[in-house]
Trainee: 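Here you go, one structure.
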Amino acid sequence: MSAFLERAGLPLLRRLDPETAHGLAIRALRLGLAPAPGAITSPRLATRLAGLDLANPLGLAAGFDKNAEALAPLLRAGFGFVEVGAVTPRPQPGNPRPRLFRLEQDVGVINRFGFNNKGMEAMAQALEAPRPAGITGLNLGANKDSADRAADYVALIARLGPLVDFATVNISSPNTEKLRDLQGPAALRALLDGVLAARAALPRRIPVFLKIAPDLDVAALADIAATARETGIDAIVATNTTLARDGLTSAARGEAGGLSGQPVFERSTAVLSELYRLTGGAVPLIGVGGIGSAEQAYAKIRAGASALQLYTALAYRGLSLVPTILTGLDALLARDGFATVAEAVGADHA
């Protein structure tokens, strides 16, 4: 019944303002009006990421459920893991609306939300609520008006780290002024040292990931790869949204903000592949950006991704896309003789 409701509801939602439609989608999830097959798995799909046992390599990217309002139903939607947030220490409204734009012709989205969220304490309350089994991660951001953004990340890991299975340091959103400056070598090293020191004080160790932008040149990627190896960060998420606008045809293509969806697939996959080469496969990579099919998921894995994340394609295809991708991915692995996802990681570099 929920699959039928999804098929009927998606065209209706696309007639609404995108942010309004997204809010209704979250509400529908909370009411149980979405597919809930449970974690989809098979011997080929089961994998391990930074010490986490995943039923499958396909996760939900941060940004879909900013305040963990629909975490329980999302954990039943077929994903191998779910990442909520981004969260900042203090609540903030984000940028003025409109701030979310569909690019129908390009199968993409531009957003300039600006880390709108209810803040750390509201997130803690949401994460403390009962939820089904499954791997839950949290995306960490900094308040726009913070005097010490590095301290924001430390405060978040200290307060919320005990409530999740992993945390992602997000320094790559283009919608918070000068946030991407933290990707520079000295600033990044200081930030990660502080976050990892805070992690060491937690009652249990959780993996810490780093989310980077796709708009970095090879020299900047080399610096990030070196810093990741030196600090011992557990994985790199490649990538966030892009500021590029190459080849777009939709009416909203000129809007400010970060571009996601199909237009970012090639750029984000190229960054992923370069990071795999630079790290020699020693740092796990999470491939995100433009995944809309099993073939694209498989391409990310062969380029070097140990796991994947999905978001924008859900706005066009709904949660039923999750089992479609995973069933297709399982078949592609079998076709090429891979017994597990791990065997296929970086296969294009062999």
Side-chain angles (χ1 to χ4, degrees), residues 17-19 21-23 59-67 83-88 92-117 139-144 149 168-184 188 209-217 220-221 224 236-272 275 286-292 296 300 308-316:
D17 163 76
E19 189 166 349
H22 184 80
L60 176 65
F64 185 88
D65 189 4
K66 290 178 178 292
N67 297 298
E83 185 173 341
V84 296
V87 63
T88 55
Q92 63 181 24
N95 294 320
R97 295 178 68 163
R99 53 193 179 179
L100 181 63
F101 306 89
R102 297 188 193 94
L103 278 65
E104 298 271 359
Q105 289 83 359
D106 303 296
V107 197
V109 163
I110 291 173
N111 92 81
R112 50 171 181 262
F113 281 116
F115 284 162
N116 57 309
N117 74 105
N139 193 278
L140 312 179
N143 280 115
K144 182 178 181 178
R149 287 179 172 170
T168 300
V169 176
N170 183 354
I171 54 170
S172 51
S173 169
N175 300 315
T176 297
E177 187 179 0
K178 297 186 178 180
L179 184 71
R180 288 187 173 188
D181 291 352
L182 292 173
Q183 292 178 132
L188 180 58
F209 305 157
L210 173 68
K211 190 167 189 176
I212 66 166
D215 307 319
L216 297 168
D217 60 23
L221 289 174
I224 285 174
I236 300 173
V237 183
T239 64
N240 210 321
T241 57
T242 182
L243 292 171
R245 297 292 188 268
D246 304 336
L248 299 180
T249 60
S250 300
R253 63 188 180 275
E255 293 289 345
L259 169 67
S260 61
Q262 286 299 303
V264 80
F265 176 77
E266 290 187 8
R267 180 184 293 265
S268 63
T269 306
V271 169
L272 173 77
L275 277 173
I286 300 168
V288 57
I291 297 173
Q296 288 176 316
K300 296 272 193 191
L308 311 162
Q309 286 184 318
L310 184 68
Y311 179 2
T312 299
L314 299 176
Y316 291 95

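Along the sequence shown, residues carry numbers from 1.
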Trainee: Does any part of the side chain of N116, heavy atoms only, come nearer than 4.5 Å to the side chain of P93, both counted from C-beta?
Mentor: no
Trainee: If I compare all heavy atoms of A313 with all of G292, which pair ends up nearest, and what's the gap?
Mentor: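 In this case the closest contact between A313 and G292 is CB-CA, 4.0 Å.
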Trainee: Does I212 form a side-chain contact (heavy atoms from CB on, under 4.5 Å) with V237? I'd like the steps, not just the answer.
Mentor: CA-CA 6 Å; I212 66 166; V237 183; over 6 Å; no
Trainee: Indicate the atoms forming the closest heavy-atom contact of A62 with Y311, along with that distance.
Mentor: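 In terms of heavy atoms, the two residues are closest at O-CD2, 3.7 Å.
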Trainee: Compute whether any side-chain donor of one residue and acceptor of the other, for K300 and S268, lie under 3.5 angstrom apart.
Mentor: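 Short answer, yes.
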Trainee: Short question: side chain of Q92, backbone of G114 - any donor-acceptor pair under 3.5 Å?
Mentor: yes
Trainee: Sort out for me which residue in I286, N170, I171 forms a side chain to side chain contact (heavy atoms under 4.5 Å, CB included) with L210.
Mentor: I171
Trainee: Do Q296 and F265 have side-chain heavy atoms sitting under 4.5 Å apart?
Mentor: yes
Trainee: Rounded to the nearest 0.5 Å, what separates atom CG in L314 from atom CG in L310?
Mentor: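 The distance works out to 4.0 Å.
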Trainee: Go through it in stages, so that I can follow the logic: the residues are F64 and H22, the test is side-chain contact (heavy atoms from CB on, under 4.5 Å), and I'd like the CA-CA distance, side-chain angles, deciding distance and then a yes or no.
Mentor: CA-CA 8 Å; F64 185 88; H22 184 80; 3.7 Å; yes
Trainee: Could you walk me through whether L140 and T168 pass side-chain contact (heavy atoms from CB on, under 4.5 Å), step by step?
Mentor: CA-CA 6 Å; L140 312 179; T168 300; over 6 Å; no
Trainee: Is the shortest heavy-atom distance from the side chain of F209 to the side chain of E83 under 4.5 Å?
Mentor: no
Trainee: Within the structure provided, determine whether V109 and P18 are in side-chain contact (heavy-atom separation under 4.5 Å).
Mentor: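 No, too far: nothing below the 4.5 Å cut-off.
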Trainee: Locate the shortest heavy-atom distance separating A244 from R267; write the atom from each residue and the value.
Mentor: CB-NH2, 3.2 Å
Trainee: I'd like to know if the side chain of N95 reaches the main chain of R112, judged simply by a donor and an acceptor atom lying under 3.5 Å from each other, with no hydrogens or angles considered.
Mentor: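 Pair found, side chain donor or acceptor close to backbone of R112.
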Trainee: For D106 versus S250, what's the shortest heavy-atom pair and its separation?
Mentor: OD2-OG, 2.6 Å
Trainee: Please check if any side-chain donor atom of N143 sits under 3.5 Å from a side-chain acceptor atom of T88, or the reverse.
Mentor: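 Per modelled atom types, N143 and T88 side chains form a pair under 3.5 Å.
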Trainee: Looking at F113, does the NZ or CZ of K66 lie under 6.0 angstrom from its six-membered ring centre and within 45 degrees of the ring axis?
Mentor: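 Ring-cation test returns yes.
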Trainee: Judged by atom type as modelled, is there a donor-acceptor pair below 3.5 Å linking the side chain of Y316 to the main-chain atoms of G261?
Mentor: no
Trainee: Within the structure provided, determine whether R99 and E255 are in side-chain contact (heavy-atom separation under 4.5 Å).
Mentor: no
Trainee: Mind running side-chain contact (heavy atoms from CB on, under 4.5 Å) on L272 and T239 for me, showing each step along the way?
Mentor: CA-CA 8 Å; L272 173 77; T239 64; over 6 Å; no
Trainee: Check the surroundings of atom CD in Q105: do more than 12 heavy atoms from other residues, nucleotides or ligands lie under 6.0 Å from it?
Mentor: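 Enclosed: over 12 neighbouring heavy atoms sit under 6.0 Å from CD of Q105.
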Trainee: Of all heavy-atom pairs between I110 and A252, which one has the smallest distance, and what is that distance?
Mentor: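 Between these two residues, the closest heavy atoms are CD1-O, 3.5 Å.
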Trainee: Is there a donor-acceptor pair closer than 3.5 Å between any side-chain N or O of R149 and the backbone N or O of A142?
Mentor: no
Trainee: Testing the basics here: between G257 and L243, what is the closest heavy-atom pair and its distance to 0.1 Å?
Mentor: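 Looks like O-CD2, 3.6 Å.
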Trainee: Using side-chain heavy atoms (C-beta onward) and a distance below 4.5 Å, is Q262 in contact with T312?
Mentor: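 No - every pair of side-chain heavy atoms lies 4.5 Å or more apart.
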Trainee: Contact between L259 and L103 at the side-chain level, heavy atoms closer than 4.5 Å - yes or no?
Mentor: yes
Trainee: Hey, are N67 and N117 close enough side-chain-wise for a donor-acceptor pair under 3.5 Å?
Mentor: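 Distance-only check fails for N117 and N67.
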Trainee: Do V87 and N139 make a side-chain contact, defined as non-hydrogen atoms from C-beta onward lying under 4.5 Å apart?
Mentor: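 A side-chain contact is absent here, since even the closest heavy-atom pair is not under 4.5 Å.
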